[in-house]
Amino acid sequence: MPVSQDIVKLAIEFPGSGKMAQLVDFDQKKPLVAIIRDVCDVWQVPSSEQYALQYSDNTQTYITEKNRNEIKNGTVLKLTTSPSKTAGDIVLCMKGEDSVEKCKALQKLAKISADVTFASEFISRDGVPLLAGMVENGSETGENLAFILTAFLELMDHGVVSWDNLTPTFVKRVATSVNRHSADATILQKSLAILESIALNSYELYKLVSSEVTFGNLISHIQSSNQEIQCNAVALINALFLRAPEEKRKTLSDNLNAKQIRNVILNHVIRGPRQVGTEMAHQLYVHQTLSFNLLEERRMTKLDQNDQMLKDQLVELRKVAFDNDQDLSGSIPPPRKTAEKYTRDYKKLGFSNYTNPALDFLETPPGVLALDLMVYFAKYHAEGYTKLVLENSCRQDGHECAFGKSSIELTKMLCKILKVGEIPTETGQEYYPMFYTHDHAFEEFFCICIQLLNKTWKEMRATHEDFNKVMDVVRDQIQRALAEKPNSLEGFKTKLQGLSYAQITKMRIQERSNKEEWDSQARPVCELREQIKPEIINLVKQQRLNYLVEGTLFNKFTNRRVKDKFWYCRLSPNHKVLHYGDAEENSNPPIEMLPEKIPISEIKGIVTGKDCPHMKDFRRAKGVTTLAFAVLYDPDQSLDFVAPNETLYSIWTDGINALLEKEMVSEEMKNDVETLLSMDMKLRLLDTENVPIPDKPPDMPPDPPNFDFCYDFS
């Protein structure tokens, strides 16, 4: 007789009782309380209402009516006290005088606080204020305090209790743990994480956190040998700046860009003995994005024509370029310059409005940021600046590279490449080590790039009409050099030296030959394309499915991204089941180690973006919703994903659509099909090289008078 689909075969243990495990047919239609009662009756355990079932692994998750459908065949559960009784017992022990029992209770609390069922029971008994009170009165230290802070952070992450409910005393106590350099590693790590969450989620308590925690102490923690402490310290610095009120931004911006913190991050994190992990890479990305965003105010500020200091900067640009040679000898005073001579000088400097160059800086972006960068170049790289300006002023009309116009457009380009002014995303990990190597890294970056622009202009023998073409090549050069993540600005310059205009041209031709679409519109070629296109689409489909079989490591998301917690998902080799489960960072668990699974036949469909169940209540969804998708399956359940990047998002959504026999619609898929189709077409048409292909097939000749030649009738 076939086994009902509602029956799950599993084992149930009773740790500490000495009783043999039970093999149980777990009926999904039977009430959970009835199943627990039956299990207790077999073992003759009274008061079954005080017991519950729990996974026997390290997840410590209770089985409830909501999650019971997730139980799979072969699962091992354990009989344990119910969440209600456990929460009550722990609260009693916490209030009691027995230090040994209290320590055991706190240790257990730290382990199971991540379970939402237990957390609800514990919170309903005012457990969070009790934990906060133990921190406030300073009665617990060492191991007990580590357990308290661990449990507190897990409970608060459920989002039931508001961070605004905390008291200033609590914040000060936690801050003391951060300021005390001899603190236990776990206490320090959890304290940093708690302060980060307070800074991000409580406007009122933010001020207290920012006043209690000094950047000096945070910098010392970044020098720790513990990478988790380093990561939490950088995260707290980022949180303090992200939520800073306007009046504190100036002070915090000075700290954010301070040489001390930059050097510590460079030497102890980026160049440290251990590889930068996923979470640390994200925090470095956020830190660098916030640093770049300090340029936003100047980028969006128009030049005030009444501002004497800005006028003086324009005069300084002209003086450095054209007056230095006359000032070298004190015996001959420089001739007085007329307004007409000034106008000629500003024209040579390449300003569009050379009668009043201030008008060139009214456009935002880049605003006065462009002027700041030009002045920096003239002041700190005077020789290179003077050479660039004079060299172009001597070129014949139409061939000079206008310094003023080029600098303004280059500033726009660099801000766009580095995403200046954009809010850090939840999944970003792109950071550039070279920007940690100099006090004025962005300004030096500009100085390198403006000289690159002039060099490329000469190599292209460009005229004014070629300006946009030159800028396009320069953008390509900069992006290719940045993609290799040079460790220093000198390394960046070295990368650019290998990316001359001639080299870029060769690379583009090669890439175009690898990717370009067959341009011919000849009917035979078009028909051939249509004939082989289904084969190519099927090839891409197989590649997507093979990738799903290999699997991918995903970040865990709840109401926000969960740090250092990952899960792995992969497709079975027969393409019939999705397997998934928790995993460690950088791991690639085999399919046998992934306990959860969803048959493909049960999948109803796939939703993306804001339509995903896990994105509807996501608080900071910008930059995340575009990478989110969810697999819907019976009964009204969903497996929620947030892809690490757009490529993996496209591969997984394409693969799932392919499994469901739906059309693959991602841009990545279209690009892959076009690339493979172009390559296949070129291979098939190799023999037709230099043979003209007619626009239409030749006309059919008229029929012969008879077809007797086809057969021998004799």
Listed partners of Cys612 passing side chain to side chain contact (heavy atoms under 4.5 Å, CB included), at least two apart
Val607, His614, Met615, Ala628, Ala630
Show every ring pair (Phe, Tyr, Trp, His ring centres under 6.0 Å) that has at least one partner inside residues 646-679, sequence neighbours left out.
Phe554-Trp652, Phe629-Tyr649, Phe641-Trp652
Looking at Phe147, does the NZ or CZ of Lys111 lie under 6.0 angstrom from its six-membered ring centre and within 45 degrees of the ring axis?
no
State which residue, out of Ile187, Leu109, Leu131, fulfils the side-chain contact (heavy atoms from CB on, under 4.5 Å) condition with Ile148.
Leu131
Any side-chain to backbone donor/acceptor pair from Ser120 onto Val116? Under 3.5 Å, distance only.
yes
Please determine whether a side-chain nitrogen of the Lys or Arg among Lys419 and Glu430 lies less than 4.0 Å from a carboxylate oxygen of the Asp or Glu.
no
Tell me if a side-chain donor or acceptor on Asn538 pairs with a main-chain N or O of Glu535 at a distance below 3.5 Å.
no
If you measure from the Lys or Arg side-chain nitrogens to the Asp or Glu carboxylate oxygens, is any gap between Arg125 and Glu121 under 4.0 Å?
yes
Any side-chain to backbone donor/acceptor pair from Asn73 onto Lys9? Under 3.5 Å, distance only.
yes
Mind checking the OG-CD spacing from Ser650 to Glu667? Nearest 0.5 Å is all I need.
8.5 Å
Quick check against the 3.5 Å criterion: does Ser224 have a side-chain atom that pairs as donor or acceptor with the backbone of Gln230?
no
Gap between atom CG of Asn657 and atom CD of Glu663 - 0.5 Å precision:
9.0 Å
Measure the acute angle between the ring planes of His282 and Tyr285, then classify it against the limits of 30° and 60° as parallel, tilted or perpendicular.
tilted
Testing Asp25, Asp6, Asp38 for side chain to side chain donor-acceptor pair (under 3.5 Å) with Lys30, which one passes?
Asp38
Interatomic distance, Gln54 atom CD to Phe118 atom CZ [nearest 0.5 angstrom]
10.0 Å
Is there a donor-acceptor pair under 3.5 Å between the side chain of Thr61 and the backbone N or O of Tyr55?
no
Looking at Asn232, is its backbone amide N or carbonyl O close enough to the side chain of Gln189 to form a donor-acceptor pair, meaning the two atoms are under 3.5 Å apart?
no
Residues Asp89, Lys108: salt bridge by 4.0 Å N-O rule:
no
Is the backbone N or O of Val577 less than 3.5 Å from a side-chain atom of Ser572, with the two atoms forming a donor-acceptor pair by type?
yes
